[in-house]
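Each ligand, and each atom within it, is numbered from 1 in the order the structure gives. Start at 1 with the first residue, then count along the sequence. Scope of the values below: all heavy atoms of this structure, side chains included, with no hydrogens, waters or symmetry mates.
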Amino acid sequence: MTRSRPGAQTPLTRRAVAAGLPLALATPALAQPLRLAALAQRAGLRYGTAIEPQTVESDPAFASLVLDQCDLITAENALKWNALRPDRDHFDFAAADRVAAFARRARAPMHGHTLVWHEAIPDWAIHQLRSGDPRALLVDHITTVVRRYAGRVVSWDVINEPVERNDRRPDGLRKSPWFEALGPGYLEIALRAAHAADPNARLAIADYGLEYDDIGWMVEKRGTMLDLLRGLKARGVPLHALALQGHLLGDHPPAFGAGLAAFLREVASLGLAIYVTELDVNDQNILGDIAQRDRVVADIYARFLRTVLAEPATQIVVTWGLSDRYTSKTDFAPRPDHAPVRPLPFDADLRPKPAARSLAAAFSGRTARG
Ligand code: 9MR
């Protein structure tokens with residue numbers, strides 16, 4: 001084995017320094033083949049990705065990358081209502097079962113996304129919510145889906161994105177179709193149904209816009225979310241985690257400091273775990289060449305994870321995809337210069353980017369801190 005003096009610059013580190021990378025991202029130890037899941041496990045975490053079944057089935061190289069790097073699998077879309085419920089009387093589990101089959105191949109549990117969301121609801125269900133028995137519709141769906149995947153889906157985003165302060169309710173709840181049909185009680189109905197269907201599953205509420213210390217509406221949304229979580233816990237509603245989506249902004253300073261740390265502490269003090277379930281960095285507006293863009297993205301991953309992983313209650317990190325080859329950002333956040341987007345840890349050729357080193361370093365840093 002070749003050893004280098006501590007602090008000595010190898011060709012690799014010299015290249016990295018020339019490229020402006022923090023030295024820690026280019027140390028020989030981290031230049032070994034990456035195994036993010038293994039590094040995460042040592043840090044008491046699970047690392048995983050969201051996938052679509054067709055990508056892992058049609059692209060063996062991508063599938064092997066996921067198998068190498070991940071020990072938690074999320075269905076990016078296959079467990080949403082519009083995928084599972086072609087009509088009122090049928091469930092179609094085909095796509096979700098394909099994701100579950102891949103998770104089995106990976107010997108990985110699944111994180112379920114999502115049982116109650118204001119998007120991805122088929123028209124027939126919207127109609128039912130208005131004119132049928134909304135409570136029965138919700139409870140029947142949750143019971144059927146959660147029971148089917150019990151033991152395989154170990155944690156669920158039971159409710160996704162319940163807070164929308166622009167809807168101007170005093171409690172901050174979004175006026176979603178679920179809210180309109182059932183009132184604020186829909187959260188409790190959903191959580192209790194999920195718990196009854198699989199008492200071992202960990203149940204989360206997930207939302208975006210909780211990450212940044214210097215964006216006013218996000219800071220306010222933290223307060224709204226805390227009130228919501230406190231109310232549910234005080235009523236004894238089964239709830240085990242808050243999931244931060246973690247869609248980070250490439251064109252905003254990485255303001256993940258004392259405010260985020262204090263928020264996570266408050267959440268943890270309610271007895272809740274913290275999950276990061278949709279991590280990526282929108283690089284739509286980052287200027288510069290690819291090396292410069294990748295460096296900005298990597299720095300944002302590093303700074304976010306530094307704060308989030310310092311909180312002992314954090315248990316899960318899931319990126320919203322693994323390789324830039326497959327990312328919904330291609331459609332949702334294209335670049336004005338039409339260059340391919342680069343929001344994820346591995347590039348479109350499945351090679352680790354500086355962002356992957358940020359994840360590795362963040363996991364290793366947590367292990368080192370004990
Ligand atoms: O990535 C998902 C995309 O493929 C779907 O078309 C879209 C609508 O169902 O949902 C995207 O995922 C979203 C997730 O479910 C909730 N948080 C925001 C995600 C988009 O970034």
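- Under the 4.0 angstrom criterion for non-hydrogen atoms, W117 is in contact with ligand 1.
- Among the candidates R342, K329, R293, the single residue satisfying the side chain to side chain donor-acceptor pair (under 3.5 Å) test with D283 is R293.
- The shortest N or O to N or O distance between E278 and ligand 1 is under 3.5 Å.
- Contact check on D299 versus R303 returns a salt bridge, with a Lys/Arg side-chain nitrogen under 4.0 Å from an Asp/Glu carboxylate oxygen.
- Judged by the 6.0 Å and 45° rule, R148 forms a cation-pi pair with F93.
- Looking at K329 next to ligand 1, no N or O pair under 3.5 Å apart turns up.
- Ring planes of H141 and W81: parallel class, angle under 30° (limits at 30 and 60°).
- With a 4.0 Å heavy-atom cut-off, ligand 1 is reached by the side chain of N77 but not by its N, CA, C or O.
- None of L187, D157, V116, V163 except one satisfies the side chain to side chain contact (heavy atoms under 4.5 Å, CB included) rule with I205; the exception is L187.
- Within a 6.0 Å radius of CZ in R168, other residues, nucleotides and ligands contribute 12 heavy atoms or fewer.
- Close N/O approach between N160 and ligand 1 is not found [any backbone or side-chain N/O within under 3.5 Å].
- By the criterion of a heavy-atom distance under 4.0 Å, neither the backbone nor the side chain of N82 is placed next to ligand 1.
- With a 4.0 Å cut-off on non-hydrogen atoms, Y208 does not touch ligand 1 at all.
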